[in-house]
Amino acid sequence: SLPLSQRNRRVVEKSVEKSGDLPQVGHELPRIVTPSLGDNSYGPLVAAWASEHLGFELMPWQMLVFDGMLEHDADGFLHRNESLVTVARQNGKTFMFKALLGWWLTEMPKLAGQPQSVISTAHKLDRAFQVFRELAPILEEKFNAKVSWSYGRNTATMPDGTLWKVEAATPTNAHGVTADLIVADEVWSISSDVIFDAYRPTMIARPNPMLAMFSTAGDESSTVMMSLREQALNAIDNGTESSLYYAEWSPPPGADLNDPASWAWANPALGHTITPKALQRASETPDRNAFIRAHCNLMV
């Protein structure tokens, strides 16, 4: 059985039975997740940074992700250097980007004892720029960052020399760089030559890197997501440790996608920032495949 959470495992069979009720809250626990090693984590530090500097309290599902993604050993080295978190749209991935980027840019240099090189990217430049537009003014005002607002060449340089670059996920941009942290959005639409042939090798010489990937489900062309998912499931099924942290919110196999109760599996922000009525309205679209992919987080 794929679900690892004991609580999820007990209810997954019931979830495939049609209830017809409009769910009021989403599932906080992912249906599929890399097991915790029970070690220390930088996750609480990211949550505290978001609260202090962004004025935003992370939702339980976001805190769970950071706790698992940023587990580290007694010397502060991350147990896993890659992560993929997949969840339905509008559940708060953007807030996670801002929290992770902001914390890493301002606090990781102190922990690492050296400046950091950070890249944020997405399948389209305007998507990547959105986070920069919201976070850069905070870094400028509170941390004395020098910010370049030249679109397409957006950077923020911290007083200690830590550099944040924003770019579209293209092979040209990805090659020839070195990074301690890469945050990639909407991986479903990023090609394998960017992730596997370009970004992944840029981190091999860094002492404590993280390639943090986030996405909603894609389609049959989403080879990166399918490959990473298979890698994670193989490790989970075999009980072996992996360099990849994986967390997925999606309905279990066999769930009736016309039943509103199934939607709660893919929407952990339901009851926090997503209202039941809003999800109901989204389901009324004539493009059923679009709803299944965007709001049930299932590949089509």
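This chain uses plain numbering: 1 for the first residue, then up along the sequence. Note that these values count all heavy atoms, side chains included, but never hydrogens, waters or copies made by symmetry.
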Any side-chain donor near an acceptor of the partner, [X] and [Y], under 3.5 Å:
| X | Y | value |
| --- | --- | --- |
| W49 | T106 | yes |
| T121 | D185 | no |
| R31 | S250 | yes |
| D219 | S221 | yes |
| D160 | T162 | yes |
| N258 | R288 | yes |

### Task
Starting at CG of L244, measure out to OG of S227 and round the result to the nearest 0.5 Å.
11.0 Å
#### Entry: R200 atom CZ: more than 12 heavy-atom contacts under 6.0 Å
yes
### Message
Testing the basics here: between I195 and L211, what is the closest heavy-atom pair and its distance to 0.1 Å?
### Response
CG2-CD2, 4.4 Å
Determine yes or no for a side-chain-to-main-chain donor-acceptor pair under 3.5 angstrom, with [X] supplying the side chain and [Y] the backbone.
| X | Y | value |
| --- | --- | --- |
| S262 | D256 | yes |
| N91 | A269 | yes |
| R89 | A294 | no |

### Summary
Checking W104, F97, F132 against W164 for ring-ring contact (aromatic ring centres under 6.0 Å, His included), the one that qualifies is F132
### Centroid-centroid distance, W249 to W265, less than 6.0 Å
no
### Query
Are Y245 and H79 close enough that their ring centers fall under 6.0 Å?
no
### Electrostatic pair E284-R281, nearest N-O below 4.0 angstrom
no
### Message
Exactly one of E248, Q62, K93 should register a side chain to side chain contact (heavy atoms under 4.5 Å, CB included) with V87. Which one does?
### Response
K93
